[in-house]
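Below is one structure, written out as structure tokens; comments come after it.
Remember, it's a predicted structure, so these values are computed and weren't measured experimentally. A note on names: the letters A, B, ... follow the listed sequences, proteins ahead of strands, and every chain is numbered from 1.
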Amino acid sequence: MIALVDCNNFYASCERVFNPSMNGRPVVVLSNNDGCVIARSNEAKAIGITMGVPAFKAAELFRRYNVAVYSANFALYGDMSRRVMQILSDFTPRQEIYSVDECFLDLAGLHEDGQAMGYRMRERVGRWTGLPISVGIAPTKALAKIANRIAKKYPSRTGDVYVIDTEEKRLKALRWLPVEDIWGVGRRNAMKLYAAGVTRADDFARMPESWVRKQMTIKGVYLQRELNGVPAIDMEIEADKSKSFSVTRTFPREYETWDEVKERVVTFASLAAAKVRKQQSLCRRLEVFVQTSLYKDSDGPVTGAREVRFPFPTSSTLEIVDFVVAGLRSIYKPGRRYKRAGVTLYDFIEPEEWQPSLFAEMNPNPRHPRLMQAIDTINQKIEGGIRVASRDARTFKMNRAYLSRKYTTDIHEILEVKMNK
DNA sequence: TCTGGGGTCCTAGGACCC
DNA sequence: TCTGGGGTCCTAGGACCC
């Protein structure tokens, strides 16, 4: 059996842990720049605040219902996530961390009753972190997802834990679940399925495999097997190295000068490069894009994008910054009002896989690795301690009007939290 | 005035090779 | 009139996830 454990309303719940007075009150968390709603407590959902709604459109609801509003505090959520995952890994070493707030646990070989174990997980995570979780248990990952959904939907009847361990329960669950809510069925496939007269998961499970293969590719076939109780999607216990790193942002206002846009893009490239170094890869390509407002022009946003292939693999911020500025220069149009930009680093190789070129000018600067190491060490201790000069913090300030504090990652805050307890 | 961010995988089709 | 067959690699675009 496989468990899918997931934190309820994760970001909103994290904020609540440190502000218990928010219990019972609607809580929402906003995206970068306080742009739109990205997490909601149950109370916030109940008063009709929808996922992704722009903050300015929900302002009236916020006021009327005395909603507690928070700017996203990803450092806090990341740290809470690490704690939850750590606790759950005690139940079985076979854990797949699927997202910041979810993990699969392979329960094979464990003798404890699933329901009982689910309650124990809930109890322990709740007591040790203050976060509420839901647990779904079933023979396959796709079914565990559904079990979890049932647990969430009927908290009082299930106690937030639901196990699909009989054929009867499996069929009942499939009859209950609309196709569009199946894990791996998105908007597009849902439309195809509806067009074919398929509206419930059990209809989908009975569709001819050839049809599924044709309409939904091999992934659809795996999914169908999983719903029929046959494992087809492997657990991924070992976290692979990432294949790309992106940093993209919407700006707080439109930028109309080269310097402003360049500063942002250089910053994004620097952040992404640090991630590449952290996983000890080298990078051979980047993509940079800039975009005008998604909402202003009636014919939609104008996007410019450019791929840059490096003459050698590198993880040096200095080298990557040069490449990204060259890329940006080739797409930047003076006079445009840019609202969003981003950088993706990808096409990684491992350092030992690469041989230097015979031509010196095609090789990376041999002194950069140690320089980067020194910079990373310093920046670990002093956030933003060293950066390339073309990054200028003064030119950019993100809106984070409702930011909570770094309760778990800043030593002063940690002491304060402890004293209050 | 104000509208998020970061990933992975699959497939078709083109380019190229022998 | 008749115009091979098999394979790899790469990329863009689509679809999906949280």
Hey, what's the ring geometry for A:Y407 with A:F18, parallel, tilted or perpendicular (30° and 60° as the breaks)?
parallel

Under the ring pair (Phe, Tyr, Trp, His ring centres under 6.0 Å) test, residues paired with A:F268 that sit two or more places apart
none

For a quick test of reading the model: is some side-chain N or O of A:K296 closer than 4.0 Å to OP1 or OP2 of B:dT3?
no

How are the rings of A:F310 and A:F323 set to each other: parallel, tilted or perpendicular (split at 30° and 60°)?
parallel

Mind running a 4.0 Å heavy-atom check of residues 67-94 of chain A against DNA chain C and sending the residues that fall below it, in number order?
none

With a 3.5 Å cut-off and no angle check, do the side chains of A:S134 and A:N8 form a donor-acceptor pair?
yes

When you check the phosphate oxygens OP1 and OP2 of B:dG7, does a side-chain N or O of A:K275 lie under 4.0 Å from one of them?
yes

Residue pairs passing the salt bridge (Lys or Arg N to Asp or Glu O under 4.0 Å) test where at least one lies in residues 41-59 of chain A, sequence neighbours excluded
A:R16-A:E43

Residues A:S21, A:N19; criterion side-chain hydrogen bond (donor to acceptor under 3.5 Å, both in side chains); working and verdict:
CA-CA 5 Å; A:S21 63; A:N19 297 281; 5.5 Å; no

Nucleotide B:dC2, atom P - distance to CZ of A:R253 in whole Å:
11 Å

Should the pair A:R225 and A:Y222 be classed as cation-pi, given the thresholds of under 6.0 Å to the six-membered ring centre and 45° from the axis?
no

Hey, does A:I182 reach any base, or is it just sugar-phosphate, or nothing, if we go heavy atoms under 4.0 Å?
sugar-phosphate

Hey, where does DNA chain B pair up into stems, meaning at least three consecutive Watson-Crick or G-U pairs with distances under 3.5 Å?
B:5-18 with C:5-18

Take the protein atom CG of A:L294 and the nucleotide atom C1' of B:dT3, then report the distance between them rounded to whole Å.
8 Å

Within this structure, what is the CE-to-C1' distance between A:M216 and B:dC9, rounded to whole angstrom?
14 Å

Please give, in whole Å, the distance from B:dG5 C1' to A:D101 CG?
15 Å

Contacts of A:Y402 that satisfy ring pair (Phe, Tyr, Trp, His ring centres under 6.0 Å) - sequence neighbours left out:
none

With nearest nucleotide decided by heavy atoms, which residue, A:D34 or A:K241, maps closer to the 5′ end of DNA chain B?
A:D34

Listed partners of A:W128 passing ring pair (Phe, Tyr, Trp, His ring centres under 6.0 Å), at least two apart:
none

Against the side chain of A:T217, the closest entry in B:dC9, B:dT11, C:dC18 is B:dT11

A cation-pi test, strictly: NZ or CZ of A:K141 under 6.0 Å from the centre of the six-membered ring of A:F104 and no more than 45 degrees from its axis. Yes or no?
yes

Please work out if A:S242 contacts a base, only the sugar-phosphate, or nothing of the nucleic acid, heavy-atom cut-off 4.0 Å.
sugar-phosphate

Return the value, rounded to whole Å, for the distance between atom CZ of A:R188 and atom P of C:dC17.
14 Å

By a strict heavy-atom criterion of less than 4.0 Å, which residues belonging to residues 46-60 of chain A are in contact with DNA chain B?
A:P54, A:F56

Considering only side-chain heavy atoms of A:K243, which listed nucleotide, B:dG5, B:dT8, B:dG4, is closest?
B:dT8

In whole Å, what is the span from the CZ atom of A:R285 to the P atom of C:dC9?
14 Å

Where the side chain of A:Y295 is defined as all heavy atoms beyond and including C-beta, which of B:dG7, B:dT3, C:dC17 is the nearest nucleotide?
B:dT3

Enumerate the salt bridge (Lys or Arg N to Asp or Glu O under 4.0 Å) contacts for residues 230-245 of chain A, please, sequence neighbours excluded, ordered by first and then second residue.
A:K241-A:E350

If you check the A:S244 side chain, which of B:dG4, C:dC17, B:dT8 turns out closest?
B:dT8

Distances for protein N or O near nucleotides 12-14 of chain B N or O, under 3.5 Å:
none

For A:K145, which contact category applies under a 4.0 Å heavy-atom criterion: base, sugar-phosphate, or nothing?
sugar-phosphate

Under a 3.5 Å cutoff, is there a donor and acceptor pairing between the side chains of A:S330 and A:R306?
yes

Taking any heavy-atom pair under 4.0 Å as a contact, classify A:V100: base, sugar-phosphate, or nothing.
nothing

Using the side chain to side chain donor-acceptor pair (under 3.5 Å) rule, collect all pairs that involve residues 75-90 of chain A, keeping only residues at least two apart or in two chains.
A:E15-A:Y77, A:D79-A:R82, A:D79-A:R83, A:D79-A:T408

Output yes when a side-chain donor or acceptor of A:R94 lies under 3.5 Å from a complementary backbone atom of A:L105, and no otherwise.
no

CG of A:N189 versus P of B:dC10: gap in Å, rounded?
14 Å

Using distance alone, with no hydrogens and no angle criterion, decide if A:T377 and A:Q373 have a side-chain donor and acceptor under 3.5 Å apart.
no

Charged N to carboxylate O below 4.0 Å: is that the case for A:D181 and A:R149?
yes

Does A:S31 put a side-chain nitrogen or oxygen below 4.0 Å from OP1 or OP2 of B:dG5?
no

A:N399 atom CG is separated from B:dT1 atom C1', nearest whole Å, by 10 Å

Establish, for the pair A:K169 and A:Y162, whether the NZ or CZ atom is under 6.0 angstrom from the six-membered ring centre and no further than 45 degrees off its axis.
yes

So, with a heavy-atom separation below 4.0 Å from DNA chain C, the residues of residues 338-349 of chain A are none

Scan A:I218 against the nucleic acid and name what it touches under 4.0 Å (heavy atoms): base, sugar-phosphate only, or nothing.
sugar-phosphate

For B:dT11, does OP1 or OP2 lie under 4.0 Å from any side-chain N or O of A:R213?
yes

Residue set satisfying side chain to side chain donor-acceptor pair (under 3.5 Å) with A:T257, at least two apart, ordered chain then number -> A:E260

